[in-house]
Amino acid sequence: METPERMTAITRLMREHHGDIDERPSEPRDPYRTLIGCVLSHRTRDENSSRAARNLFAEIEGPLDLLTMKPDTLKELIRCSGFFNQKARSIVAISRVLVDNFGGMVPDDRETLMGLPGVGPKTADIVLSHAFQKPAIAVDVHVSRVARRLGLAPNDAGPERVKEALERLVPPDLYRFVDNAFVRHGKEFCRNSNPRCSGCFLIELCTIPGSQSR
DNA sequence: ATCCCGAGGG
DNA sequence: CCCTCTGGAT
């Protein structure tokens with residue numbers, strides 16, 4: 001496949017799917033909210049993590065408020081997202097570090113972000129790209145799967161290799177739109193199980209066997 | 001029973 | 001790279 005075709009595929013994806021995921025809105029949002037929203041979203045359905053984020057941020061403004069909250073109150077607010085014990089611990093730990101070491105501000109470089117408890121590559125890249133408008137591509141399971149199926153990355157590529165592949169194909173000023181586009185496509189059409197190939201507008205590029213007749 | 005926007009540890 | 005952590009919603 002020629003590079004122009006791949007570029008077209010990505011461009012079409014980004015045109016089709018806009019930012020409508022809670023902590024990845026089209027417009028940049030408060031870094032702290034973005035960060036905590038990512039923690040709440042770990043391995044949970046977006047409706048549930050979004051509800052938890054709205055519940056929580058109806059009560060607080062920033063890390064200082066959060067640290068004054070009773071642990072049970074916090075857990076109750078985020079319960080609907082599941083894994084609430086682990087998430088509550090992580091949210092408190094992060095807020096503690098932010099207040100103690102960073103003046104209550106969220107750091108804007110990748111290394112420091114990934115040093116925070118419960119913050120890995122995906123969360124760091126979401127915060128960098130969406131809250132700070134920095135050129136970073138956030139890769140989650142949807143991005144990886146869709147990129148591999150479209151032949152944009154080798155089918156045995158892990159998150160890091162997928163990221164490198166996409167960085168070579170997308171202009172840096174568009175990096176922050178990649179995750180929403182791929183995630184949306186991955187949820188609506190290119191699902192992990194039972195993909196809706198018949199509705200996919202990129203089916204001619206698909207590499208998975210049987211996709212043309214599904 | 002199965003799925004869901006990961007991170008950390010071995 | 002694989003395993004575990006750990007809960008709600010359908």
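The model shown is predicted, which means the values in this text are computed figures rather than measured ones. Letters A, B, ... mirror the listed sequences (proteins, then strands); counts begin at 1.
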| query | Of all the nucleotides listed (B:dC5, C:dA9, B:dA7), which has the minimum atom distance to the side chain of A:Thr123? | reply | B:dA7

| With nearest nucleotides of DNA chain B determined for A:Gly118 and A:Ser193 from heavy-atom distances, which residue corresponds to the more 5′ nucleotide? | A:Ser193

| query | Rounding to a whole Å, what distance do you find between A:Phe84:CZ and C:dC5:P? | reply | 17 Å

| field | NZ/NE/NH1/NH2 to OD/OE distance under 4.0 Å, A:Asp156 and A:Arg148 | value | no

| query | Under a 4.0 Å N-O cut-off, is there an ion pair linking A:Asp179 with A:Lys122? | reply | no

| message | Work out how far the P atom of B:dA7 is from that of C:dA9, and round it to whole angstrom. | response | 23 Å

| task | Can you check whether any acceptor in the base of B:dC4 is under 3.5 Å from a donor in the side chain of A:Thr44, or vice versa? | result | no

| said: Regarding A:Val119, tell me which of base, sugar-phosphate or nothing describes its non-hydrogen contacts under 4.0 Å with the strands shown. | reply: sugar-phosphate

| query | Charged N to carboxylate O below 4.0 Å: is that the case for A:Arg161 and A:Glu164? | reply | no

| Has A:Arg196 got its NZ or CZ under 6.0 Å from the middle of the six-membered ring of A:Phe189, at an angle within 45 degrees of the ring axis? | no

| query | Counting any heavy atom closer than 4.0 Å, what does A:Ser90 reach on the DNA or RNA strands: base, sugar-phosphate only, or nothing? | reply | nothing

| message | Distance check needed: C:dG7 C1' versus A:Lys87 NZ, whole Å only. | response | 8 Å

| query | Choosing from C:dT6, B:dC5, B:dA7, which nucleotide comes nearest the side chain of A:Gln86? | reply | C:dT6

| request: Could you check how far CG of A:Asp46 sits from C1' of B:dC3, rounded to whole Å? | output: 12 Å

| said: Considering every strand and a 4.0 Å limit on heavy-atom distances, what is the contact class for A:Phe83: base, sugar-phosphate, or nothing? | reply: base

| query | When you compare C:dT10 with B:dG6, how far apart are their C1' atoms, in angstrom units rounded to a whole number? | reply | 22 Å

| Length of the CZ-P vector between A:Arg89 and C:dT6, whole Å | 7 Å

| Is the shortest side-chain N/O distance from A:Asn48 to OP1 or OP2 of B:dC4 below 4.0 Å? | no

| Hey, which of these two, A:Pro121 or A:Arg45, hits DNA chain B nearer its 5' end, going by closest nucleotide? | A:Arg45

| task | Measure from CG on A:Leu40 to P on B:dG6 and round the result to the nearest Å. | result | 13 Å

| Nucleotide of C:dG8, B:dC5, C:dG7 approaching A:Arg43 most closely (side-chain heavy atoms) | C:dG7

| message | Below the 4.0 Å mark, does B:dA7 have OP1 or OP2 next to a side-chain nitrogen or oxygen of A:Lys122? | response | no

| request: Select base, sugar-phosphate, or nothing to describe what A:Asn192 touches, counting heavy atoms under 4.0 Å on all strands. | output: nothing

| task | Determine, for A:Arg12 against A:Glu204, whether the closest basic-nitrogen to carboxylate-oxygen distance falls under 4.0 angstrom. | result | yes

| field | Sole residue of A:Thr123, A:Leu66, A:Val39 in side-chain contact (heavy atoms from CB on, under 4.5 Å) with A:Ile94 | value | A:Val39

| P atom, B:dC5 versus C:dC5: distance in rounded Å? | 22 Å

| note | Rounded to whole Å, the CG-C1' distance (A:Asn85 to C:dT4) equals 16 Å

